[in-house]
Novice: 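Pasting a structure here, questions to come.
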Number of protein chains: 2
Amino acid sequence: MKDNNEMPGHLARRFQQIAVAVFLAEVENAGFDLTPVQYAALATIKANPGLDQVTLAGLIAYDRTTITGVIDRLVQKGLAERRASPRDRRARELEITDEGRRILRKVTPAVESAQRVMLRGLSAREGEELMRLLRKAIAAGNELSRAPLRE
Amino acid sequence: MKDNNEMPGHLARRFQQIAVAVFLAEVENAGFDLTPVQYAALATIKANPGLDQVTLAGLIAYDRTTITGVIDRLVQKGLAERRASPRDRRARELEITDEGRRILRKVTPAVESAQRVMLRGLSAREGEELMRLLRKAIAAGNELSRAPLRE
DNA sequence: CGATATTGCTCAGTATGCTGATGATCAGTA
DNA sequence: TACTGATCATCAGCATACTGAGCAATATCG
């Protein structure tokens, strides 16, 4: 068997593991309680008011069944609302609440700080290159997961 | 808010998401039912017979509480054994079974194939560079997660 | 128009991952 | 040796993630 350090799968998991830990630490340090998914969902709802859950899932590349629970928790925290769509009675329209907007605004600096911390071992140039390569690999593999990105 | 494509955290999650999907698809395609964690644990047990669970967790950078469940499932599948350590009665010594050895040998080509597929959008050179940058970022962030790598 | 396919959402079930706690045991020291 | 702190494993609880199935509603096509 190859060394773990030669396995992109292992490196991917490890980097993601650190990224999540850094995110949670920075956000908690700023006094908030919001997971990476919850942040991504909330920011996307704010940018696309009234969107339905499937569209939201596609925009951030999450599985639709995962989104159900994430929205549950955002609603429970009073950060988002879920209401029946008047146009399509199957769909739920999502809206951010005022409280959601407030939290989002206040937590964003911590989120951006987290993005820097997770790259702290790299020069600015290397960080850019890492992101470029990740974007390229992701674009090629987009359809390989059950939750591809949908623009 | 920044674009998701500028957020290393988002890119990390997405790449990992694809990597897991590719792993599971390749392994299932080869006729096996083994998750990434289970594979990593089994391979590490084989390479370090008699190791305890904390050491195993450290070698592959998994949380010790996660490993408990992973070993449960490996044992249930008959691929590994957990027995009390004669030297330290707190610890459990882990061993791979003959069946585990057989599965590991047969599934390894699929695992290696998966590593290639998840980099299929990149040239060989870019793949190497991506791994190098991931290793560097990971090394710098090793202590930031609850489950750091321990050699 | 009506049968059929598709879509939006949810649910049950399984497997990671994490936090924090507990019990049993071990190691180091006063 | 008795005490204290550390260590190994597990557990309860929570939050992703995914598979596959089901329900309700919409879209499509003959």
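Lettering follows sequence order; numbering is per chain, from 1.
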Novice: Would you kindly give the CZ-to-P distance between A:Arg82 and C:dG8, to the nearest whole Å?
Specialist: 16 Å
Novice: Quick one: is C:dT14 close enough that its OP1 or OP2 comes under 4.0 Å of any side-chain N or O from B:Arg73?
Specialist: no
Novice: Check for me whether B:Arg13 meets the cation-pi criterion with A:Tyr62, that is, NZ or CZ under 6.0 Å from the six-membered ring centre and within 45 degrees of the ring axis.
Specialist: yes
Novice: CZ of A:Arg89 versus P of C:dG8: gap in Å, rounded?
Specialist: 16 Å
Novice: In terms of side-chain geometry, is the basic nitrogen of B:Arg135 or A:Glu6 positioned less than 4.0 Å from the acidic oxygen of its partner?
Specialist: yes
Novice: Between A:Gln17 and A:Arg14, does any side-chain donor sit less than 3.5 Å from a side-chain acceptor?
Specialist: yes
Novice: Between B:Arg92 and D:dT10, is there a contact of a side-chain N or O with OP1 or OP2 at under 4.0 Å?
Specialist: yes
Novice: Look at B:Gln16 and D:dA17 and indicate whether a side-chain polar atom (N or O) is within less than 4.0 Å of OP1 or OP2.
Specialist: no
Novice: Using a 4.0 Å heavy-atom cut-off across all strands, classify B:Arg146 as base, sugar-phosphate, or nothing.
Specialist: base
Novice: Is the shortest side-chain N/O distance from B:Thr68 to OP1 or OP2 of D:dT10 below 4.0 Å?
Specialist: yes
Novice: For B:Thr65, report the nucleic acid contact type (base, sugar-phosphate, nothing); a contact means any heavy atom under 4.0 Å.
Specialist: base
Novice: Does A:Gly69 or B:Val54 map to a spot on DNA chain D nearer the 5' end, using the closest nucleotide for each?
Specialist: B:Val54
Novice: Using heavy atoms to find the nearest nucleotide of DNA chain C for B:Val70 and A:Glu28 separately, return the residue whose nucleotide is more 5′.
Specialist: B:Val70
Novice: Can you check the A:Leu56 CG to D:dA17 P distance for me, whole Å?
Specialist: 13 Å
Novice: May I ask you to say whether A:Glu26 pairs ionically with A:Arg120, meaning some side-chain N is under 4.0 Å from a carboxylate O?
Specialist: no
Novice: Quick check on D:dT10: is either OP1 or OP2 less than 4.0 Å from any side-chain nitrogen or oxygen of B:Gln53?
Specialist: yes
Novice: Counting only side-chain nitrogens and oxygens, does B:Gln38 get under 4.0 Å of the OP1 or OP2 atom of C:dT16?
Specialist: yes
Novice: Provide, to the nearest angstrom, the distance between the CZ atom belonging to A:Arg13 and the C1' atom belonging to C:dC18.
Specialist: 13 Å
Novice: Output the rounded distance in Å from CD (A:Gln17) to C1' (C:dT16).
Specialist: 11 Å
Novice: Taking atom P of C:dT14 as reference, at what distance in whole Å does atom CG of B:Asp72 sit?
Specialist: 14 Å
Novice: Answer with base, sugar-phosphate or nothing: what part of the nucleic acid does B:Asp63 contact at a heavy-atom distance below 4.0 Å?
Specialist: base
Novice: Check every strand shown and say whether B:Arg64 touches a base, only sugar-phosphate, or nothing at a heavy-atom separation below 4.0 Å.
Specialist: base
Novice: Just to be sure I understand the rule, does A:Val20 reach a base, reach only the sugar-phosphate, or reach nothing, if contact means heavy atoms closer than 4.0 Å?
Specialist: nothing
Novice: Atom CG of B:Asp52 and atom C1' of D:dA9: how far apart are they, to the nearest Å?
Specialist: 10 Å
Novice: For A:Tyr62 and D:dA15, give me the distance from atom OH to atom P, rounded to whole Å.
Specialist: 15 Å
Novice: Whether A:Thr35 contacts D:dT16 is assessed here as follows: a side-chain N or O lying under 4.0 Å from the phosphate OP1 or OP2. Is that the case?
Specialist: yes
Novice: If you take all heavy atoms of B:Ala114 and B:Val22, which pair is closest and at what distance?
Specialist: O-CG1, 3.5 Å
Novice: Quick check: any donor-acceptor pair below 3.5 Å linking the side-chain of B:Arg90 to the base of D:dT7?
Specialist: yes
Novice: Pick the closest DNA chain C nucleotide for A:Leu24 and for A:Ala91 by heavy atoms, then say which residue is nearer the 5' end.
Specialist: A:Ala91
Novice: With side chain to side chain contact (heavy atoms under 4.5 Å, CB included) as the criterion, how do A:Leu130 and A:Phe15 come out once you've worked through the C-alpha distance, each side chain's angles and the decisive distance to 0.1 Å?
Specialist: CA-CA 11 Å; A:Leu130 175 57; A:Phe15 185 53; 4.1 Å; yes
